[in-house]
Amino acid sequence: MADQGFAERLAQAMAAAGMKQADLIQAAAQRGAKLGKSQVSQYVSGKVMPRPKVMRLLAAVLDTTPEWLATGEGAPPAPARAGAPEPVPASTTPTSAARAAARSEAARTTSPRQSASSQRSTPMRQFTKSSKLDNVLYDVRGPVADEAARMESEGLRILKLNIGNPAPFGFRTPDEVVTDMRQQLPDCEGYSDSRGLFSARKAIMQYAQIKGLPNVSMDGIYTGNGVSELIQLTLNALLDNGDEILIPSPDYPLWTACATLAGGVPVHYICDEQAEWCPDIADMEAKITARTKAIVIINPNNPTGAVYPREILEQIVEVARKHQLMILSDEIYDRLCMDGYEHISIASLAPDLPCVTFSGLSKSHMIAGYRIGWMILSGNKRCMADFVYGINMLSNMRLCSNVPAQSIVQTALGGHQSVKGYVAPGGRVYEQRNYVYEALNAIDGITAVKPKAAFYIFPKMDVKKFNITDDEQFALDLLHEKRILITRGGGFNWGAPDHFRIVYLPRMEVLHEAMDDLADFFAHYRQS
């Protein structure tokens, strides 16, 4: 973690220079240097301290010294940037009538040819992004992915191990699901109920009953355009400005981003790598304040592949019960457990607490592009009546989720589950997981915990051996040298630059090539 004093001095220097984060990135580009959006956000938030080279660049752009930025020694920057235009006093600002008269006079004295070729006398206003996005990161598709897209546009082949998208790697939707959607398309041309089709919600309710969720009813089930939409909808309905929400670190970054956009404060509790990435309960409870409203868990976990045992879930329930918190449980990978591990829905252990459980078909049925997810309200609903009012308001505002995708929920959740073959011994996901786990641990300086579910592994790098201080730079170096695209650990709100995520969905022959290239890369890599 960076010294918080650095972040405060950086903010002071940016204010003195009249610059926002976007201005800083643009100013660096004008000097022939590149600063990534997420990179600058991490500096501003105090999560990361820049390397000496970047510190010198920031100081030059902000008209101060690297020493003052790094340590506070020396003189702070001047309160106004030299040469900056003075604001026009309100009393001297031309009125609308005066501006119209000036335009009329110019039209009379300028020939058509001159008018067509003349430049605008006043620079066009610049439309900058909302400041609400300043601390929002989504590096799964972020600056490194943007660089990969640029390289692809030049004709280079990039191996994308950055996103859990099954279709490009040959995983197909079950034929029965596709056939049923075709049959029902003529009946899916209009809006559905804002919560979703009756048939879809009934199938989801029955699935919830099998999972043991208490007090589930049809009016507490909502379909969405993937779980992503429902996470955003839920956090907008729940959080007031300044409300805190506990989110795991590492996390799926959408949770942190949506909490920030909703005006909330994401507070990250640690998942312990030494305990197979299970939540550190003591750390979780230590971070609860009077402003804390909810605990988020991601189980099975993305990016680590952890599956939480019953005793851990029971401890989380006790923490929520003690502090009267809502539980939000992201369970999109619940049907992708391996090695005999059982997934337990935490809501089944908390009949007296308000719980929202998120799941869907994107991963388990290899239909990520169909965009169909759902959330289930269960447990103590009496204490969240007003929250439900907000959920209904936001749900109505988007009218409904994708109706053709809703039409196949009943088919997908009933009968044979084809994903079981993928995660059983001999299945693609199972065998590819085993190979990648063993290949990574065979690389000197790399260690990894074996995933129990999902498509991901979250290996750790020996930062001293490889001299890694910036994991975004590591990801770019790997992309440029080996044309392998991964997601850095910082993209999952992990504080140290020592992890990255690999998606092990490609076929085995592609993974063999990727692991050979990765081993060759780490054999000589040292970050400068």
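Residues satisfying the salt bridge (charged side-chain N to carboxylate O under 4.0 Å, His left out) test with E438, not counting sequence neighbours, are none. For the side-chain contact (heavy atoms from CB on, under 4.5 Å) test, residues two or more places apart in sequence or in another chain that qualify with K452 are E276, V307, Y341.
Considering W374, Y333, W255 as possible partners of F358, the one that fulfils the ring-ring contact (aromatic ring centres under 6.0 Å, His included) test is W255. For the ring-ring contact (aromatic ring centres under 6.0 Å, His included) with W277, the lone residue among F458, F492, Y456 that qualifies is F458.
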Check against salt bridge (charged side-chain N to carboxylate O under 4.0 Å, His left out), R483 and E152: CA-CA 10 Å; R483 299 176 192 172; E152 279 190 316; over 6 Å; no
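The ring of F169 has its center no closer than 6.0 angstrom to the ring center of Y504.
A donor-acceptor distance shorter than 3.5 angstrom exists from the side chain of E229 to the backbone of N225, with no hydrogens or angles considered. Remark: the backbone N or O of N301 is not paired with any side-chain donor or acceptor of N299 at under 3.5 angstrom. When atom types are taken as modelled, the side chain of T487 and the backbone of N162 share a donor-acceptor pair closer than 3.5 angstrom.
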I'd like a table of donor-acceptor pairs (distance under 3.5 Å, sequence neighbours excluded) in which one partner is a side-chain atom from residues 506-520, with atom names and distances.
{"unit_1": "H512", "atom_1": "ND1", "unit_2": "Y435", "atom_2": "OH", "d": "3.1"}
{"unit_1": "D520", "atom_1": "OD2", "unit_2": "K482", "atom_2": "NZ", "d": "2.5"}

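R150 has no carboxylate O lying under 4.0 Å from a charged side-chain N of D146, or vice versa, which leaves the two without a salt bridge.
For the pair R428 and F171, the distance from NZ or CZ to the six-membered ring centre is under 6.0 Å and the angle to the ring normal is within 45 degrees.
The aromatic rings of Y43 and F6 stand perpendicular to each other, their planes meeting at an angle above 60°, with 30° marking the opposite boundary.
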